[in-house]
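Working notes for the structure below.
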Amino acid sequence: VWRKAMAIVAVRGFGGRLPGAYSLEHLARRVGWPVLAATDVNSPAFLATIREQQIDLVVSVGASQKFKRPVPEAPRFGCINLHNSKLPRLRGMLPTFWALFEYDRDPTSALTVFKMTEDLDAGPLVLQREFALDPAEPLDRLIKRTKGLGAELVVDAITLYRDGVTFDVRVNSSD
């Protein structure tokens, strides 16, 4: 609750200029990147906005909607998404839960930024950052911990796009 409240204060009250990292929107605004929110990513109006504003990249985090064609191909660099698993493993819902559930099989998980396609959690990988799991860490604490790490990974991916890096898979390990 505190982090969400601070994100609202950082974005609405300070226009992103508040130090810290309270949300991905806060980080984006702090570095001067425009943020466009959409209630329906598949609406003709959103697609028209992408084309009219010549959007280079759409970033999706925690989207509750499936991006349908032609939306993933509309921006110059496409759409990217953050997923809290070591894709291609654990595609779909509740990846953090399933990573802990499968700890005995694999004591690590990852955060993955990937290019979106019409298939869920199945596009080419952009960046992947592995981290060790601790079976004693409560699920809610792990989710909170990975939210901040995920925001940083998305910023790293956007920076690579900005710098003209082409994408094969890049894997970074860190705890």
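Both L90 and M93 are assigned to one and the same hydrophobic cluster, defined by single-linkage of ILVMFWY side chains at heavy-atom distances under 4.5 Å. Residues V59 and L160 are members of one and the same hydrophobic cluster, defined by side-chain heavy-atom contacts under 4.5 angstrom among Ile, Leu, Val, Met, Phe, Trp and Tyr. V61 and I8 sit in two unconnected hydrophobic clusters of ILVMFWY residues. Membership requires side-chain heavy atoms under 4.5 Å apart, directly or through other members.
Side chains of K115 and V126 form a contact here, defined as non-hydrogen atoms less than 4.5 Å apart. Using a 4.5 Å cut-off on side-chain heavy atoms (C-beta onward), H83 and P95 make contact. Taking the side chain as every heavy atom from C-beta outward, R51 and P70 approach each other to under 4.5 Å. Residues F114 and L82 fail the side-chain proximity criterion, which asks for heavy atoms closer than 4.5 Å. Put simply, the side chain of R129 reaches to within 4.5 Å of the side chain of D156, judged on heavy atoms. Between V58 and I80 the shortest side-chain heavy-atom distance does not fall below 4.5 Å. Counting heavy atoms from C-beta outward, T108 and F131 have side chains that stay 4.5 Å or more apart. At a threshold of 4.5 Å between non-hydrogen side-chain atoms, the residues L87 and D121 count as touching.
Between F97 and F101, the ring planes lie parallel to each other; the angle is under 30°, not in the 30° to 60° tilted range. Aromatic ring pairs are classed by plane angle as parallel below 30°, tilted from 30° to 60° and perpendicular above 60°; the pair Y161 and F77 is tilted.
Not one N or O on the side chain of T112 forms a donor-acceptor pair closer than 3.5 Å with the backbone of Q128. Of the possible donor and acceptor atoms, none in the side chain of R76 sits under 3.5 Å from a partner among the backbone N and O of I55.
Between R145 and E137, at least one side-chain nitrogen of the basic residue sits less than 4.0 Å from a carboxylate oxygen of the acidic one, meeting the salt-bridge criterion.
Taking R105 as the reference, E102 meet the salt bridge (charged side-chain N to carboxylate O under 4.0 Å, His left out) condition, with sequence neighbours excluded. Looking at residues two or more places apart in sequence or on another chain, you find a salt bridge (charged side-chain N to carboxylate O under 4.0 Å, His left out) between E73 and R69. In this structure D106 satisfies the salt bridge (charged side-chain N to carboxylate O under 4.0 Å, His left out) test together with K86, R89, sequence neighbours excluded.
Within a 6.0 Å sphere centred on CZ of R91, heavy atoms belonging to other residues, nucleotides or ligands number more than 12. Atom NZ of K68 has 12 or fewer heavy atoms from other residues, nucleotides or ligands within 6.0 Å.
Rounded to the nearest 0.5 angstrom, I158 CD1 and D163 CG are separated by 12.0 Å. Note that CG of L94 and CG of L139 are 8.5 Å apart. Values are rounded to the nearest 0.5 Å.
Nearest heavy-atom pair across I50 and P75 is CG2-N, 3.8 Å.
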